[in-house]
Number of protein chains: 2
Amino acid sequence: MSHTFGIRQAQKQKTRQALLDAALALLEEQSLSSLGLREVTRAVGVAPTAFYRHFRSTADLGVALVEEALGSLHPMIRTTVTASDNSEERITRAVELIARHVNAYPAHVRFIARERHGGVQPVREAIRAQLVRFAEEVKAELAKDPESEGWSDDDLLMLAHLYVDQMLITASLFLEALEAPEDERERATQVATRQMRLITIGRHHWLD
Amino acid sequence: MSHTFGIRQAQKQKTRQALLDAALALLEEQSLSSLGLREVTRAVGVAPTAFYRHFRSTADLGVALVEEALGSLHPMIRTTVTASDNSEERITRAVELIARHVNAYPAHVRFIARERHGGVQPVREAIRAQLVRFAEEVKAELAKDPESEGWSDDDLLMLAHLYVDQMLITASLFLEALEAPEDERERATQVATRQMRLITIGRHHWLD
DNA sequence: AATTACAGAGAACAGTTGTTAACTGCATGG
DNA sequence: CCATGCAGTTAACAACTGTTCTCTGTAATT
């Protein structure tokens, strides 16, 4: 589908992306449920009616933003949990990776954190579905680890969700400290690392 | 201040509360940043301009809602962490307490979860400040526990924040399952309990 | 070369919004 | 008992919203 890219299709996708970018920028200071269609088109510089050529409504645009934002988050989560010899090293690497991602895509992270419990139901559901997929991937990755021997499927999924939620909390923590002085960001890193470590310790002794 | 309650003051507080209640109800299907002043007054049945007698803006009303919502959450959190002999029993009691609170004040819980990362800065900050206070209380309660011997202040606070965040996650999980069939709510309880248990295990072995 | 498809523009609509001003009625304090 | 304070009303404003319909230019198809 859509393998043939004429000038036409290219231009359409270009303004579509411009609408998504403008919306994401506007959403730094408000929620999706208050984002106006005209507001977005005005920021892009196109007529309000052009919006309908790409999205049914701002809620529809929001769902598209979920795909974009969590699409970019996808590789991060997988790498985070990938097994390595030293588990302490894995933790610090994971936290650093999250910090790096927040620095690279702050608007995406903010959008997900904000709209996960936001006022637009289709968007909430889209985020929830993606997070469930993430948790399943994390579970599969955890299952490979020899440390997961004797774990039930339910417990693995429970731990996976705990990790996913903890990642979001950490990302949101870094986001709040984005423009803060260096020492506060360092403090955030320390807290996140220790929380992750405590969870990992709990994982080690789960089967006692 | 305001110990003398004439008929006048009583009526004022009555409509003020009516505005808060109406706003909270309207916020079940949208975010605060899209809540209109007229929308609220219409729901209460007063003139739009009456709004200004109580709040400067809807953001101001939001801050007031934070106090109300987290005021009712306050006793819950304290009881949750209160020490008891059996730590397993403490966990199930805590989870049950959260479930009970969500059932009793679903709108409050939804509001906090939604606006914690929402689009209105003063409200975000108010929630953050309250959660910091909660974490400090939890830390103080944890410090009393003989199990906290040898823990640094930083680590106690780190654990306290982990507990507070986990409570919010659990509350939000119960909220999503509020009108779901019984078996899904039971599953939510199981997941929440086991996550809490894993954290507690990590806490037990922290000083190894 | 002629025809079609379609992204985007333009204008107009009914309805909504926040905010200001001047008012009314009544509980309160002197 | 009278004067003041103030919660709530009424009316009006300019600005904004989402949506519909009609139109235009041009890339794609035949």
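FYI, side chains are in, hydrogens and waters are out, and symmetry mates aren't considered; it's all heavy atoms of this structure. The shown structure was predicted, so the numbers you read here are calculated from the model rather than taken from an experiment.
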- Would you mind reporting whether A:D153 and A:K139 have side-chain heavy atoms less than 4.5 Å apart?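 They are in contact (side-chain heavy atoms under 4.5 Å apart), so the answer is yes.
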- Heavy-atom check, side chain of A:L97 versus side chain of A:H101, under 4.5 Å: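 No, their side chains stay 4.5 Å or more apart.
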Find the distance [X]:[atom1] to [N]:[atom2] and express it as a whole number of Å.
X: A:Q9; N: C:dG8; atom1: CD; atom2: P; answer: 11 Å
X: A:F51; N: D:dT20; atom1: CZ; atom2: C1'; answer: 16 Å
X: B:E39; N: C:dG15; atom1: CD; atom2: C1'; answer: 14 Å
X: B:Y52; N: D:dT10; atom1: OH; atom2: P; answer: 17 Å
X: B:Q11; N: C:dG25; atom1: CD; atom2: P; answer: 17 Å
X: A:R8; N: C:dG8; atom1: CZ; atom2: P; answer: 9 Å
X: A:Q30; N: D:dT17; atom1: CD; atom2: C1'; answer: 13 Å
X: A:R38; N: C:dG10; atom1: CZ; atom2: P; answer: 13 Å

- Task: Might you confirm whether atom CD of B:E29 has over 12 heavy atoms from other residues, nucleotides or ligands at distances under 6.0 Å?
- Result: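 Counting neighbours around CD of B:E29, 12 or fewer heavy atoms of other residues, nucleotides or ligands fall under 6.0 Å, so no.
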- Taking atom CG of B:L142 and atom CG of B:D155, what is their separation to the nearest 0.5 Å?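 If we round to the nearest 0.5 Å, B:L142:CG and B:D155:CG are 11.5 Å apart.
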- Query: With a non-hydrogen cut-off below 4.0 angstrom, is A:R42 in contact with a base, only sugar-phosphate, or nothing?
  - Reply: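 Sugar-phosphate, backbone atoms only, no base.
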- Which part of the nucleic acid, if any, lies within contact of A:T15, taking any heavy atom under 4.0 Å across all strands shown: a base, the sugar-phosphate backbone alone, or nothing?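 The residue A:T15 makes sugar-phosphate contact but no base contact.
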- Message: Reading DNA chain C from 5' onward, which residue's closest nucleotide shows up sooner: B:T49 or A:H54?
- Response: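 The answer here is A:H54.
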- Find which nucleotide of DNA chain D each of A:R53 and A:L37 is nearest to by heavy atoms, and output the residue with the more 5' nucleotide.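 Nearest nucleotide further toward 5': that of A:L37.
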